[in-house]
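All remarks here apply to the structure that follows.
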Amino acid sequence: QPKVSIIIATYNKPHLLAKRSVPSILRQRYSNFECIIVDDGSTDNTPEVMEELRKQDNRIKIFRFPQNKGAAAAFNYGIKQSTGEYIAFLDHDDEYSSDFLEKTIMKIINLPRNIGAVGCGVIQIDEKNGKRSYVVPPANTSFYLALADGWLFKREVFFQNNLFLDEELSACADTDLGLRFFEIYQIIVVAQPLLKKYIRSNIFDRDGLSTVSEKRLLEWKKFLAKNLSKFEAKGDKKELTFILRQAGRNFVLGGYKTEGL
């Protein structure tokens with residue numbers, strides 16, 4: 001059984017680590033894994049909760065930043081600490097089905113070199129009303145497909161091609177990773193619901209995107225400066241509209257209505 005490294009970046013959400021993401025990893029039917037938790041400078045009791053989790057299972061490894069650096073930096077650090085032949089990400093508020101590793105590892109071990117990752121179907125759960133929807137990522141190369149949790153990567157993706165997350169684009173690093181990934185690799189998708197992802201359907205919720213920070217807006221400006229020409233060169237109006245809408249929504253919610261529109 002090849003080893004899988006599952007990386008969780010967390011910040012001030014100890015209850016979600018203890019009740020959702022980590023238990024879903026420990027329930028995996030595929031047992032040869034390590035769980036790497038990187039605390040991005042939490043200011044609450046997250047370190048104590050992480051230590052208790054580590055005591056439960058020796059496959060759990062914990063690391064901590066003294067100050068907040070952003071999720072991209074935390075994930076990159078976890079990748080560099082990993083020892084698995086395959087690497088997966090899991091957000092601290094999401095959870096795998098018990099057969100996530102079993103189903104994705106069976107797919108990826110025999111794939112040709114041009115296939116860099118295996119994805120899965122996602123059950124999206126609205127945290128406010130519990131409403132569920134089912135989404136399957138497109139199996140063809142999708143130019144703007146964000147690569148985050150729900151994907152199992154070959155180790156070479158990061159270490160042979162230097163496809164680490166851009167730490168200057170933490171708010172949209174998964175989309176930036178997807179853009180660079182698809183210049184080299186293709187994907188395969190297991191069309192089964194192997195991930196539960198918790199979302200906010202109301203973007204104007206006071207705990208949601210309406211709290212867009214100056215830092216997040218700066219990251220979006222950098223993302224557009226870096227990648228907008230790629231969308232324009234490809235000439236797909238749907239893709240260009242999608243990414244501009246994403247950026248515009250953040251600017252509007254951050255108080256920059258004119259720039260967002």
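Below, all heavy atoms of this structure are taken into account, side chains as well, without hydrogens, waters or symmetry copies.
The local environment of CD in Gln160 is crowded, with over 12 non-hydrogen atoms from other residues, nucleotides or ligands closer than 6.0 Å. Taking a 6.0 Å sphere around NZ of Lys215, one finds it holds more than 12 heavy atoms contributed by other residues, nucleotides or ligands. In Arg29, the CZ atom is crowded: over 12 heavy atoms of neighbouring residues, nucleotides or ligands sit closer than 6.0 Å.
Between Cys120 atom SG and Leu195 atom CG the span is 5.5 Å, to the nearest 0.5 Å. How far OH of Tyr11 is from CG of Asp39: 9.0 Å, rounded to the nearest 0.5 Å. Taken from CD in Glu85 to CD1 in Ile108, the straight-line distance is 10.5 Å, to the nearest 0.5 Å. Within the model, atoms CG of Asp174 and CG of Asp166 stand 12.0 Å from one another, a figure rounded to the nearest 0.5 Å. Between the SG atom of Cys172 and the CG atom of Leu177 there is a distance of 12.0 Å, given to the nearest 0.5 Å. The CD1 atom of Ile6 lies 4.5 Å from the CD1 atom of Ile25; values are rounded to the nearest 0.5 Å.
Following chains of ILVMFWY side-chain contacts shorter than 4.5 Å, one cannot reach Ile187 starting from Met106, and the two form parts of different hydrophobic clusters. Placement of Trp220 and Leu244 within a single hydrophobic cluster is found when ILVMFWY residues are connected by side-chain heavy-atom separations under 4.5 Å, directly or transitively. Transitive grouping of hydrophobic side chains (ILVMFWY, heavy atoms separated by less than 4.5 Å) brings Ile105 and Val190 into a common cluster. No single ILVMFWY cluster, assembled from side-chain heavy atoms under 4.5 Å apart, contains both Val135 and Leu194. Hydrophobic clustering places Ile60 together with Met50 (ILVMFWY residues linked when any side-chain heavy atoms are closer than 4.5 Å, directly or through intermediates).
The main-chain N or O of Ser42 is found under 3.5 Å from a side-chain atom of Arg64 such that the two form a donor-acceptor pair. In this structure a side-chain-to-backbone donor-acceptor pair under 3.5 Å is present from Asp44 to Thr46. Side-chain N or O atoms of Asn76 include none that pairs as donor or acceptor with a backbone N or O of Phe164 at under 3.5 Å. When atom types are taken as modelled, the side chain of Arg20 and the backbone of Asp93 share a donor-acceptor pair closer than 3.5 angstrom. Checked by atom type and distance alone, the side chain of Arg59 never pairs as donor or acceptor with a backbone atom of Asn32 at under 3.5 Å. Using modelled atom types, one side-chain atom of Gln28 and one backbone atom of Ser24 make a donor-acceptor pair closer than 3.5 Å.
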If you apply the rule ring-ring contact (aromatic ring centres under 6.0 Å, His included), what do you find for Phe153 with Phe158, and how did you get there?
CA-CA 9 Å; Phe153 296 89; Phe158 304 101; 5.3 Å; yes
Could you go through Thr10 and Asp40, starting from their C-alpha distance and side-chain angles, then the distance that decides it, and tell me whether this counts as side-chain contact (heavy atoms from CB on, under 4.5 Å)?
CA-CA 6 Å; Thr10 190; Asp40 188 22; over 6 Å; no
Quick one: do Leu90 and Ile7 satisfy side-chain contact (heavy atoms from CB on, under 4.5 Å)? Show the steps, please.
CA-CA 6 Å; Leu90 183 62; Ile7 301 165; over 6 Å; no
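Between Ser5 and Tyr86 the shortest side-chain heavy-atom distance does not fall below 4.5 Å. When side chains are defined from C-beta on, Asn114 does not count as touching Tyr185, because their heavy atoms never get closer than 4.5 Å. Annotation: side chain of Ile87 is in contact with side chain of Phe159 (closest heavy-atom distance under 4.5 Å). Contact check for Ile8 versus Val38: no side-chain heavy atoms found under the 4.5 Å cut-off.
Remark: Lys222 does not engage Glu219 in a salt bridge, criterion side-chain N to carboxylate O under 4.0 Å. Checked for salt-bridge contact, Glu34 and Lys3 meet the test: a charged N lies under 4.0 Å from a carboxylate O. Salt bridge status for Asp126 with Lys131: absent, with no side-chain N to carboxylate O gap under 4.0 Å. Classification of Glu168 and Lys226 as a salt-bridged pair fails, no side-chain N sitting under 4.0 Å from a carboxylate O. A salt bridge is defined here as a Lys NZ or Arg NE, NH1 or NH2 lying under 4.0 Å from an Asp or Glu carboxylate O, and Glu52 with Lys55 meets this definition. A salt bridge links Glu156 with Arg113: the distance from a Lys NZ or Arg NE/NH1/NH2 to an Asp or Glu carboxylate oxygen falls below 4.0 Å. One finds a salt bridge joining Lys197 and Asp149 here, because a Lys/Arg side-chain nitrogen approaches an Asp/Glu carboxylate oxygen to under 4.0 Å.
Using bins of under 30°, 30° to 60° and over 60° for the plane-to-plane angle, the ring pair Tyr96/Phe100 lands in the parallel bin. Using a 30° and 60° split on the angle between ring planes, Phe65 and Tyr77 fall in the perpendicular class, above 60°.
Looking only at atom types and distance, the side chain of Arg155 has a donor-acceptor partner in the side chain of Ser82 under 3.5 Å away. Under the 3.5 Å distance criterion, with hydrogens and angles disregarded, no donor-acceptor pair is assigned to the side chains of Tyr198 and Gln124. When only modelled atom types and interatomic distance are considered, Lys61 and Gln81 share no side-chain donor-acceptor pair under 3.5 Å. When only modelled atom types and interatomic distance are considered, Tyr30 and Asp99 share no side-chain donor-acceptor pair under 3.5 Å. A donor-acceptor pair shorter than 3.5 Å can be found between the side chains of Thr43 and Asn12.
What you find for Gly130 and Ile125 is that their closest heavy atoms are O-CG2, 4.2 Å. Residues Ala173 and Ala72 share a closest heavy-atom pair of CB-CB, 4.0 Å. Here the closest heavy-atom approach between residue Ile115 and residue Lys154 is recorded as O-NZ, 2.8 Å.
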